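Order of the sequence lines fixes the chain letters, A, B, ..., with proteins taken first and strands second; residue numbering starts at 1 for each chain. Just the heavy atoms: all of them, side chains too, but no hydrogens, waters or symmetry mates, feed the values below. As the structure is a prediction and not an experimental result, all values here were calculated from the model.
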2 protein chains.
Amino acid sequence: MTRSRLTPEREAELYNAVLDLLREVGYDALTMDAVAARTRSSKATLYRQWGSKPELVAMSLRHSKPVDISQIDTGSLRGDFHEMVAQSDDCQMERDTALVRGLSRAVHENDDLLQALRELFIEPEITGLDTMLQRAIARGEIAADNPALKYLSHMLVGAFVAHPLINDEPMTQDFLRDYLDAVMLPALGLPAPGV
Amino acid sequence: MTRSRLTPEREAELYNAVLDLLREVGYDALTMDAVAARTRSSKATLYRQWGSKPELVAMSLRHSKPVDISQIDTGSLRGDFHEMVAQSDDCQMERDTALVRGLSRAVHENDDLLQALRELFIEPEITGLDTMLQRAIARGEIAADNPALKYLSHMLVGAFVAHPLINDEPMTQDFLRDYLDAVMLPALGLPAPGV
């Protein structure tokens with residue numbers, strides 16, 4: 001895949017159009033024709049740049065993340081975690097939740113979508129989180145062999161999936177901050193603030 | 001709802017038939033007619049006993065749990081957690097994962113199913129877990145105001161959802177045991193074994 005032919009602005013415009021369409025019609029009804037029409041581009045361009053619909057959707061999702069986690073560097077792991085939360089306001093998290101919920105249904109029926117999401121969205125996020133954790137290890141905040149290190153993304157996924165299910169409430173920054181302090185930092189051996 | 005007219009054996013037979021049908025045809029195609037035919041009962045009986053399809057499905061799932069968590073009482077929280085895992089073998093967990101995955105799709109489209117699952121399946125499980133935790137508090141293992149207490153089910157859900165997604169592997173007893181020791185016990189302030 002070559003992406004050099006599009007300017008970053010044009011790429012962003014395309015990704016946003018894909019996410020708009022996803023919210024409007026869902027994954028199944030999202031066609032490359034519809035994306036081409038909405039963005040006034042040719043299907044040939046779309047296929048040349050992204051290869052396939054699952055890859056285009058995964059890259060659009062990745063682009064929607066407000067920040068590259070690995071770039072967050074406040075000097076403490078707790079500061080980094082909280083900065084990560086601060087990057088997404090409640091309104092955006094509610095919109096993202098609806099989007100991810102729709103996609104999670106599509107994933108059950110489209111194994112190529114799951115593969116694309118794993119490779120282009122989930123793995124880069126985990127790598128970004130890992131960069132943040134490596135800095136905490138280098139600072140001496142956590143031990144390199146802490147057994148919780150490999151499960152941080154599992155805990156995060158749990159918060160996002162279980163909160164609407166169990167508590168019947170949309171995800172908020174307040175909930176995430178409390179969850180980070182109550183379970184993720186203590187699991188890593190870092191005391192919650194005020195303890 | 002009155003369930004007194006059926007013997008426990010007959011009830012178990014009905015629940016198992018519902019789960020078999022769910023695995024075979026999925027939630028949408030599962031009809032009360034199909035359940036009645038498979039179990040040689042009348043639809044009137046099914047509606048009288050369970051009220052609706054979502055409630056029948058939720059009760060069937062609850063019945064499929066091999067043990068009431070609140071009854072597990074080994075004398076330590078780690079022992080209780082590990083006994084909880086020991087009750088479900090890998091084969092059963094893989095079967096359950098497929099079932100829950102199918103239902104999670106149906107939940108997106110059937111709000112009454114979500115409500116029934118929450119009331120008849122999720123909340124009793126959380127109550128059972130809470131009973132186990134209260135015993136650990138009474139024994140002095142964990143503090144009553146430990147902030148991680150309210151998030152244990154979130155962490156558990158995270159393991160079940162994120163493991164297949166991130167690691168592309170089915171859930172196993174070994175994975176769950178490691179997760180319990182690596183994050184859930186340390187989050188509660190209990191050291192992982194060997195630390």
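Per-residue counts of heavy-atom pairs under 4.5 Å with chain B were compared for A/L114, A/I122, A/D178; the largest is that of A/D178. With chain B as the partner, the residue from A/K150, A/M155, A/R118 showing the most heavy-atom pairs under 4.5 Å is A/R118.
Shown here is A/E109, whose CD atom has more than 12 heavy atoms of other residues, nucleotides or ligands within 6.0 Å. A/R95 CZ: 12 or fewer foreign heavy atoms inside a 6.0 Å radius. More than 12 heavy-atom neighbours from other residues, nucleotides or ligands sit within 6.0 angstrom of CD on B/Q134.
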Run the side-chain contact (heavy atoms from CB on, under 4.5 Å) test on B/H154 and A/N167 for me, step by step, so that the C-alpha distance in whole Å, both residues' side-chain angles and the decisive distance to 0.1 Å come before the verdict.
CA-CA 10 Å; B/H154 298 73; A/N167 309 104; 2.9 Å; yes

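In this structure, the side chains of A/P147 and B/D181 stay at 4.5 Å or more apart for every pair of heavy atoms.
When all heavy atoms of B/A182 and A/A148 are compared, the pair lying nearest together is O-CB, 3.4 Å. Smallest separation of non-hydrogen atoms from B/P186 and A/A187: CB-O, 3.9 Å.
A distance of 6.0 Å or more separates the ring centres of A/H163 and B/Y151.
Looking at A/I126, the atoms closer than 4.5 Å to chain B (heavy atoms on both sides) all sit in the side chain, from C-beta outward.
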